[in-house]
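Before any comments, here is the structure.
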Amino acid sequence: MRRLALLAPLLLIIGFLTFALLRMGGQDPTAMLAGPTATIEEINRLRADYGLDQPMPVQFGIWVGHVLQGDLGRSWITNRAVLGELIDRLPATLELLLCGVALGALLGIPAGMVAAFRRGRFADFASRALALFGFSIPTYFLALSMLLIFFYVLEWSPPGMGRLSLMLTPPPRLTGSYTLDALLAGDGAAARSAFSQLILPVVCVAIATAAPVVSQVRAIVLGVLGTDHISYARAQGLPHAMISRIALRGAATPVVTFVGAELAGLVGTTSLIEYVFAWGGVGQFGLEAIIKGDFAVVQGYVLMLALFSVAMFLIVDLMVLALEPRAALR
Amino acid sequence: MIATMLGFAPLARARGLSRRSPMAAIGVLILALFVIAALFEPLLTQYDPVAADTTALMKPPGGAHLFGTDANGMDVYARVLRGTRYAFGIAIPAVLVAMLIGVPVGLLTGYLGGWTDEVLMRGFDAMRVFPSIILALAVVSAAGPSLVNVVIVLGVLDAPVFARLVRSEVLALRSGGFVESAVAAGNTLPRLLFVHLMPNALAGAMAQSAVRAAWAVRISTTLAFLGLGIQPPTPEWGAMIRQGAEYMVTGQWWVGVFPGIALILLSLGLNLAGDGLSELLDPRQRKAG
């Protein structure tokens, strides 16, 4: 709960640092916005319009004032309100991130456990080698290779161009996930297309998730297996399945903590995968905003990332509390 | 003692590496191949990696061009070889910068504790709220995407890793008898930190250096892939994959795939060697295995 109290100053500091970084950086979006034929006067008028001629602390004060009223400013590239842009694109990213992380955890956690229980045997070696490979392949190259293999060579997958075939109209928006929305609307063709577009990027996120999870879960379970109470359970001659269950009970808390912490970092990985597959989610949007110097969008995106991370840590804390009531005493 | 400090003594024990840890030995072998490629590149190919040949555009692998040629008619094999220099040339200085900042900070905060420690550690926590690639991207795009900026930014962003490692070692050592006697003998604070504490607190940081170099290679090539940092036709792997990305789904796969494979192999080598290094340098890890 201490974290919650620190949230406001943390967001303020992060907001200010991003602000300072962007303003001190070499990019001047007004010149770009005004176009190559603009005169100095036109550029200066634009700067005044956007309030960029004010001293930086004044600009920051104005920005905070607007944010508190729910106004994150306007994108200089799409010329739409940043908050709306972010909210429109958020479901696409969440769909990708949550499906990918769920799949990665579903594969990675058992693989890590098997590796620990069968330490030194083939299963251990194989899962560690796969984890190492997943850890060594750069995310964007993984995504490109997937397209090469499954789209170009095998022709199993649609091209990596967004969330739905260009021939189809998106289903009416309810959840924001095209697959779910199309199913709810009873549009079979759209649901099939959305689902087939989803597979490759989700597999990429899952691989990026599973690699660190396997090695970490293995280390955690090995640590638990070395404790006194497991030795005692073994000495009592308890069946293997029961020992496994006791070990899993002890490993649950650190595993949840680790996966939660990973999730915050995976937002970056996911945005690269979005970029390659032209997914159009908030990650790709933020990435391109940083590259193009779209100040207001970067500002809003960074704020959203910080909120997401804090929310993630909070959820992890609550899950740990549920798994291990003792933790409340700390 | 100097030798211990630099990690030579444990490395001398590495001769038994292939027996004790075959995975680490494979890692060292891969790294050795890349070092050879970086040093002796002109002897390994007859082509200039940045010489455009308009008579040989987009040639598939085989024949005169082992890995084929790209859209400028440049030899992909020669470019992959030259790319090794960029990978090492960014990763090694970046890790050095990170250690140069992180180790003193870790020593100081670990030994002194108090509010400096609290403030710095909270600051590092706040940095972890953001994915490192987003942070690197934002800072490099603001600072301007030059080679030197990329190295400095990666070094600064990675410094907390080393600071944390050294700090936790110092916390464990602080109450040790040798620290107390060094204080009693009238050592100054810098002498105490760098002569007495540092050699004992460096093992964890040394062990992590190869793994952090893999991280630096990954982030710097990602920046180039996104179009920040080194620009084509410079033969840097990330920039080459960016060039090859559009041809990936039209059949000319070799432009992007070969630099990608080189990138995977180098990180694999660094990660494997790093795991072996931490087993050798950090006996506690050996138990956890």
Between A/Tyr140 and B/Thr221, is the side-chain contact (heavy atoms from CB on, under 4.5 Å) condition met? List the steps. CA-CA 10 Å; A/Tyr140 57 93; B/Thr221 51; 3.3 Å; yes
List the residues meeting salt bridge (charged side-chain N to carboxylate O under 4.0 Å, His left out) with B/Arg164, not counting sequence neighbours, and say none if there are none.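 Salt bridge (charged side-chain N to carboxylate O under 4.0 Å, His left out) check on B/Arg164 returns B/Asp125.
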Suppose we screen for salt bridge (charged side-chain N to carboxylate O under 4.0 Å, His left out). Which residues come up paired with B/Arg82, at least two apart in sequence or across chains?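 So B/Arg82 forms a salt bridge (charged side-chain N to carboxylate O under 4.0 Å, His left out) with B/Glu41.
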What are the residues of residues 250-257 of chain B, in order of number, with any heavy atom under 4.5 angstrom from a heavy atom of chain A?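 Contacts with chain A: B/Thr250, B/Gly251, B/Trp253, B/Gly256, B/Val257.
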Only counting residues at least two apart or in another chain, list the ones meeting side chain to side chain contact (heavy atoms under 4.5 Å, CB included) with A/Ala296.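 If we apply the side chain to side chain contact (heavy atoms under 4.5 Å, CB included) test to A/Ala296, skipping adjacent residues, the hits are A/Val82.
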For chain B, find which of [options] contributes the most heavy-atom pairs closer than 4.5 angstrom.
{"options": "A/Leu132, A/Val153, A/Leu147", "answer": "A/Leu132"}
{"options": "A/Leu287, A/Thr18, A/Leu144", "answer": "A/Leu144"}
{"options": "A/Tyr301, A/Phe151, A/Tyr152", "answer": "A/Tyr152"}

Let me know if [X] has heavy atoms under 4.5 Å from chain A in its side chain, its backbone, both or neither.
{"X": "B/Ile133", "value": "side chain"}
{"X": "B/Ala214", "value": "neither"}
{"X": "B/Val139", "value": "both"}

Atom group of [X] that falls short of 4.5 Å from chain B, counting heavy atoms:
{"X": "A/Val276", "answer": "side chain"}
{"X": "A/Leu272", "answer": "side chain"}
{"X": "A/Phe308", "answer": "neither"}
{"X": "A/Ile14", "answer": "side chain"}
{"X": "A/Ser271", "answer": "side chain"}

Search all heavy atoms of [X] against all heavy atoms of [Y] and return the closest pair with its distance.
{"X": "B/Met248", "Y": "A/Leu148", "result": "O-CD1, 3.1 Å"}
{"X": "A/Ser136", "Y": "B/Ser267", "result": "O-OG, 3.1 Å"}
{"X": "B/Asn271", "Y": "A/Phe135", "result": "ND2-CD2, 3.6 Å"}

State, with a plain yes or no, whether a side-chain heavy atom of B/Pro131 is found less than 4.5 Å away from one of A/Leu305. yes
Contact winner vs chain A - [options], heavy-atom pairs under 4.5 Å:
{"options": "B/Leu265, B/Leu228, B/Thr222, B/Ile241", "result": "B/Thr222"}
{"options": "B/Val140, B/Leu270, B/Val249", "result": "B/Val249"}
{"options": "B/Leu266, B/Leu137, B/Leu226, B/Leu272", "result": "B/Leu226"}

Pick from B/Leu263, B/Ile261, B/Ile264: which one makes a side chain to side chain contact (heavy atoms under 4.5 Å, CB included) with A/Ile137?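 Only one option passes, and that is B/Ile264.
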Geometric class of the A/Tyr275/B/Phe225 ring pair [parallel <30°, tilted 30-60°, perpendicular >60°]: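 The arrangement is perpendicular - the two ring planes meet at more than 60°.
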